[in-house]
Amino acid sequence: MASSKPQCPSLATTSRIHLRPLGVTKDDSFITETKNPQKRKLSQKRKTLLQLAAAPGHYQAKVPGAARELPTQGAPPAGLGHRFCSGTEATAHQREKIRALEPLKAKLVIVDEDCKERILAMRAEERYEISMLKKEKMNLLKLIDKKNEEKISLQSEVSKLRKNLAEEYLHYLSERDARKILIADLNELRYQREDMSLAQSPGIWGEDPMKLTLALKMARQDLTRTQMELNTMKANFGDVVPRRDFEMQEKVLKDLQEQLDSLRDDYEEVRKEHEMLLQLHMSTLKERDQFYSELQEIQRTSTPRPDWSKCKDVVAGGRDRWQMLAEGKNSDQLVDVLLEEIGEGLLREKDFFSGLGYGESIPTFLRFDGTVENKKPTKKDVVNILKDAWKERMAEEQKERFPDFFFNFLERRFGPGDAMAWAYTIFEYIKLFQSNEVMSQFHAVLMGKRKESVYIKQKERIAQLLKEMTNADSQNEGLLTVEQLSTVLKSAFPFKTDEKIQELMEAVGWHPSSSNADLLNYHILFTEDEEGQSTPFVQKLWEQYMEEKDAYLQELKLELGLELHEDVTLARMREALMNIDPTLDKQTLNSYLSQAFQFPMTELPEEGEEKEAGIVVQLQTALEQLHMSDVRRMGPREQEPAS
């Protein structure tokens with residue numbers, strides 16, 4: 001046989017570490033350092049993704065300039081006994097590599113053209129928005145000019161009315177004086193005519209002429225006195241206009257003043273809107289520039305989003321099962337689903353588990369040296385075992401620790417010989433399938449991240465809610481109207497806001513367009529599938545419980561006014577809890593304090609005792625302990641006055 005020729009290395013083999021498989025995008029949000037268990041979990045995720053990406057058939061589009069980092073495919077390790085090819089063979093090998101990278105170049109050209117088209121589309125949209133803003137500005141300027149013209153016309157009309165009023169007043173004065181003169185002349189003529197008639201026929205009256213003359217003299221005196229009073233009244237009130245005319249003119253003036261004020265207000269509003277539009281325009285320009293800069297930065301640094309549809313070919317069950325698993329999930333959740341599918345396959349391939357030893361950091365139910373058998377159960381089997389464990393735990397007095405109870409339960413169920421194997425098998429399953437409610441909650445309780453009372457109280461609240469719905473079902477048909485269901489939810493959760501109640505109603509399947517008379521089967525709301533997954537209604541109840549607990553603890557932190565690294569005393573924590581939740585009874589308050597300070601309730605000092613000042617704990621530790629426990633609000637923050 002001919003001796004095989006040494007292969008020619010084309011690029012440095014050390015550049016292999018810079019390649020990443022296509023479809024795996026590195027997200028910086030996964031690298032935030034929070035807690036050691038989360039670090040280990042994220043590192044395991046990255047290792048698994050890198051192992052998946054190393055499989056043949058995966059590629060990654062690199063940004064321009066990464067050609068110098070391409071690895072040598074199939075290059076043998078540089079060791080003793082290997083020789084390099086001549087320059088001609090190396091050149092031929094490099095050309096083959098260049099031809100192999102031609103599809104990558106075409107893909108980069110397509111991506112570049114796509115980005116340019118998006119940029120042109122964004123610029124066209126911005127030009128259109130700018131033109132629309134200019135048109136709106138011109139319309140506003142025209143409106144302002146129109147308002148100014150109306151204001152000028154109204155001012156001219158007001159001045160014209162004032163001029164007409166002055167002319168009418170002068171005409172009235174002249175008419176008044178002429179009327180006075182005419183009345184005086186008429187009175188004089190009448191007196192003369194009466195004197196002449198009396199002098200010509202004195203017997204007409206049948207009275208004594210002296211008496212008549214005296215009466216006439218007295219009448220003239222009365223007339224003179226009356227005339228003087230009349231002249232005095234006219235002199236005092238001659239320039240007074242009639243009330244009807246005054247009220248009419250006053251009404252006209254008031255209407256004009258209101259119109260003027262309205263025009264001023266409209267003008268001021270238009271001016272403010274114009275200023276706001278200018279500010280909005282400036283902020284839009286700044287946002288446009290910022291978005292353009294971000295776009296350039298994204299084009300320079302970002303990689304394409306993964307094509308999750310490719311996973312349907314590698315996930316058991318094909319396209320239909322992958323669509324069911326991926327429905328309504330984001331990229332982070334899809335990564336978890338993919339890791340669970342991969343982890344399940346790896347678990348089934350593994351026949352034995354290695355024991356973790358007898359260290360103090362090892363949980364009691366996992367302390368073993370050697371290898372244990374992998375029982376390879378299904379998810380349904382594991383969920384059923386965990387449900388049975390919960391039933392037995394809730395039925396007993398709960399005297400032993402939960403990890404010890406779990407191992408004793410496995411010994412009673414599978415025997416002492418298989419208990420350790422089942423413990424390792426179930427632990428690996430619940431650690432892997434964190435998206436499963438039963439497994440994730442059992443894992444949190446088993447590892448001490450959550451108190452078992454949280455799970456038990458939640459089950460009790462759900463059972464109580466089902467009981468209230470059953471009581472509201474007077475016909476015992478398993479059906480409730482939308483209105484009855486809303487009433488039951490408000491009665492069962494009196495401290496939930498209307499928005500929270502509406503979220504629960506939407507989780508049931510209610511829509512704003514639905515009728516209050518629609519019937520709902522409330523038993524379906526509390527069912528579970530074969531893998532222990534509950535309905536969206538129960539999931540929404542759990543989400544709201546966790547949100548309300550976080551808000552309650554945040555309110556407690558604000559009431560204390562301390563930083564997380566500072567210490568808090570028992571007395572101050574007691575006072576803060578009573579301030580934010582005045583309806584707390586003594587037993588519940590002592591329970592919260594016992595959990596926060598890790599102090600037995602029987603040894604907890606009473607309020608006002610000197611021993612209170614000596615019990616101190618770091619605020620962060622206290623809040624973490626309360627978050628692990630069943631903590632919730634017992635009443636409104638401020639007591640409502642009694643009616």
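Computed from a predicted model, the values in this text were never measured in an experiment.
Residues in residues 127-142 take part in no side chain to side chain donor-acceptor pair (under 3.5 Å) pair, two or more places apart or across chains.
Side-chain contact of Glu548 with Tyr552: a donor-acceptor pair under 3.5 Å is absent, judged by distance alone.
Remark: Phe495 CZ is packed, more than 12 non-hydrogen atoms of other residues, nucleotides or ligands lying under 6.0 Å away. In Tyr267, the OH atom is not crowded: 12 or fewer heavy atoms of neighbouring residues, nucleotides or ligands sit closer than 6.0 Å. For Lys151, the NZ atom counts as loosely surrounded, since its 6.0 Å shell holds 12 or fewer non-hydrogen atoms of other residues, nucleotides or ligands. Heavy-atom neighbours of Lys557 NZ from other residues, nucleotides or ligands within 6.0 Å: above the threshold of 12. For Arg271, the CZ atom sits in a packed shell: over 12 heavy atoms of surrounding residues, nucleotides or ligands are nearer than 6.0 Å.
Checking side-chain atoms of Thr284 against main-chain N and O of Leu280 turns up a donor-acceptor pair under 3.5 Å. Of the possible donor and acceptor atoms, none in the side chain of Glu559 sits under 3.5 Å from a partner among the backbone N and O of Leu577. A donor-acceptor pair under 3.5 Å links the side-chain atoms of Thr487 to the main chain of Glu483, judged by distance alone. When atom types are taken as modelled, the side chain of Ser262 and the backbone of Gln259 share no donor-acceptor pair closer than 3.5 angstrom.
Of the residues Gln290, Met122, Arg118, the one that meets the side-chain contact (heavy atoms from CB on, under 4.5 Å) test with Leu295 is Met122. When each of Arg450, Lys451, Arg461 is checked for a salt bridge (Lys or Arg N to Asp or Glu O under 4.0 Å) with Asp630, only Arg461 meets the rule.
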**Report entry** Evaluation steps, side chain to side chain contact (heavy atoms under 4.5 Å, CB included), between Glu624 and His627
**Finding:** CA-CA 5 Å; Glu624 289 176 356; His627 192 271; 5.6 Å; no
Report task. May I have the step-by-step check of side chain to side chain contact (heavy atoms under 4.5 Å, CB included) for Ser440 and His443, ending in yes or no? Result -> CA-CA 5 Å; Ser440 62; His443 179 264; 5.7 Å; no
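Glu547 has a carboxylate O that lies under 4.0 Å from a charged side-chain N of Lys500, or vice versa, which qualifies the two as a salt bridge. In summary, Glu543 and Lys540 engage in a salt bridge, as defined by a charged side-chain N under 4.0 Å from a carboxylate O.
Closest non-hydrogen pair, Ser491 versus Glu468, comes out as OG-OE1, 4.3 Å. Considering every non-hydrogen atom in both Val568 and Leu619, the closest pair reads CG1-CA, 4.2 Å.
If you take CG on Leu141 and NZ on Lys146, they are separated by 15.0 Å, rounding to the nearest 0.5 Å.
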